[in-house]
Amino acid sequence: MTAKTTGESQRVSELYLATPVLAQAEPFLSALHKQLATCQPAALLLRLPPVAQMPDSAAAPLVAAVASCVQPMGIALMLQNRAALAVAQACDGVHLCGDEAPDTATARRVVGEAMQLGVDVGLSRDHAMRAGEEGADYICFTPGEDVAATPESVAAVLELTRWWAVMMELPVVAQASVAAEVAPLTAAGADFIMPAQGWWDNPQDWSL
């Protein structure tokens, strides 16, 4: 994914959606079609159950169904953690997150140089810098995987986003827990905003 700029070379935050953890395409796919009729994100992160619950062979049809919905619209399909499956299903990239994620260098070897590779680094500056050194195409600041946001973690995401945007060239994704966080994160320099799961219930409340 490439950061969007205005004519004055100012960064504009784009929408980066993340699905709920999906074990089957429906009914989510119908809801996705409906949302994409009025809102087109730059990318969609497809989250799947752990490999022990859904091996790649079982997940492949689901990935293909989602891909057929978003990729023809020019929306990048990112798959969480499963690098080999992403390559096999011609996804646009892989997003590393949580305990099941391979390390960045290993994932890069699997997906090659052409495919996008993003890394959720939580609230860690060290992890962010290390991910960039190991071949990530973007990093993502979040309160943590499936962790409820607190005022402290929201403030930390904002501070880290501002620091990264000033100091680094690599694009930064920032997770917004609620709609009110979008404007500050955009002002801080986030290239992409990833709304929390509440976006799917009330997308009209988000100014993205």
Side-chain angles (χ1 to χ4, degrees), residues 1-4 12-98 100-102 107 110-112 114-120 136-138 140 142 145-146 171 173-179 182 190-208:
M1 300 186 300
T2 303
K4 184 179 180 180
V12 176
S13 298
E14 294 191 82
L15 178 62
Y16 184 170
L17 291 176
T19 72
V21 175
L22 297 180
Q24 56 187 20
E26 294 294 349
F28 177 79
L29 206 55
S30 296
L32 179 61
H33 276 289
K34 180 179 178 180
Q35 300 297 355
L36 293 183
T38 58
C39 174
Q40 183 167 339
L44 178 75
L45 171 60
L46 175 54
R47 303 172 67 211
L48 300 173
V51 174
Q53 298 176 22
M54 178 182 261
D56 285 359
S57 58
L62 171 57
V63 177
V66 176
S68 68
C69 177
V70 300
Q71 287 181 320
M73 299 181 67
I75 300 168
L77 178 60
M78 306 293 290
L79 189 60
Q80 184 165 300
N81 292 340
R82 303 202 196 191
L85 180 60
V87 172
Q89 292 296 311
C91 294
D92 296 286
V94 175
H95 180 94
L96 305 181
C97 178
E100 283 208 343
V110 174
V111 303
M115 193 174 276
Q116 292 286 307
L117 180 61
V119 182
D120 181 334
D137 292 301
Y138 68 84
C140 180
T142 72
E145 186 182 24
D146 299 323
V173 179
Q175 185 181 85
S177 302
V178 296
V182 171
D191 297 291
F192 302 90
I193 303 287
M194 181 181 286
Q197 291 302 296
W199 184 93
W200 296 99
D201 298 322
N202 297 290
Q204 69 279 358
D205 293 345
W206 295 73
S207 56
L208 280 165

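Heads up: numbering here begins at 1 and tracks the sequence.
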[X] versus [Y], closest heavy-atom pair with distance:
{"X": "Leu22", "Y": "Leu62", "result": "O-CD2, 3.4 Å"}
{"X": "Trp199", "Y": "Leu15", "result": "CZ2-CD2, 4.1 Å"}
{"X": "Val110", "Y": "Val87", "result": "O-CG2, 3.8 Å"}
{"X": "Glu14", "Y": "Ala42", "result": "OE1-CB, 3.9 Å"}
{"X": "Met194", "Y": "Ala18", "result": "SD-CB, 4.1 Å"}
{"X": "Val21", "Y": "Pro49", "result": "CG1-N, 3.5 Å"}

Do side-chain atoms of [X] reach the backbone of [Y] as a donor and acceptor pair under 3.5 angstrom?
{"X": "Asp137", "Y": "Gly118", "value": "no"}
{"X": "Asn81", "Y": "Cys97", "value": "yes"}
{"X": "Ser13", "Y": "Ala190", "value": "yes"}
{"X": "Gln71", "Y": "Ala90", "value": "yes"}

Just so I know, are the side chains of [X] and [Y] near enough to count as touching, which here means a heavy-atom distance under 4.5 Å?
{"X": "Leu46", "Y": "Val70", "answer": "no"}
{"X": "Ile75", "Y": "Leu36", "answer": "yes"}
{"X": "Leu79", "Y": "Leu48", "answer": "yes"}
{"X": "Asp191", "Y": "Tyr138", "answer": "no"}

Step by step, would you call Gln89 with Arg82 a side-chain contact (heavy atoms from CB on, under 4.5 Å)? CA-CA 11 Å; Gln89 292 296 311; Arg82 303 202 196 191; over 6 Å; no

So, taking the atom named [atom1] in [X] and the one named [atom2] in [Y], what distance separates them when rounded to the nearest 0.5 Å?
{"X": "Arg47", "Y": "Met78", "atom1": "CZ", "atom2": "CE", "value": "14.5 Å"}
{"X": "Thr19", "Y": "Leu45", "atom1": "OG1", "atom2": "CG", "value": "6.0 Å"}
{"X": "Leu32", "Y": "Glu26", "atom1": "CG", "atom2": "CD", "value": "10.0 Å"}
{"X": "Met115", "Y": "Cys91", "atom1": "CE", "atom2": "SG", "value": "6.5 Å"}
{"X": "Gln204", "Y": "Thr38", "atom1": "CD", "atom2": "OG1", "value": "9.0 Å"}

Once salt bridge (charged side-chain N to carboxylate O under 4.0 Å, His left out) is applied, do any residues pair with Asp92, and if so which ones, sequence neighbours excluded? none

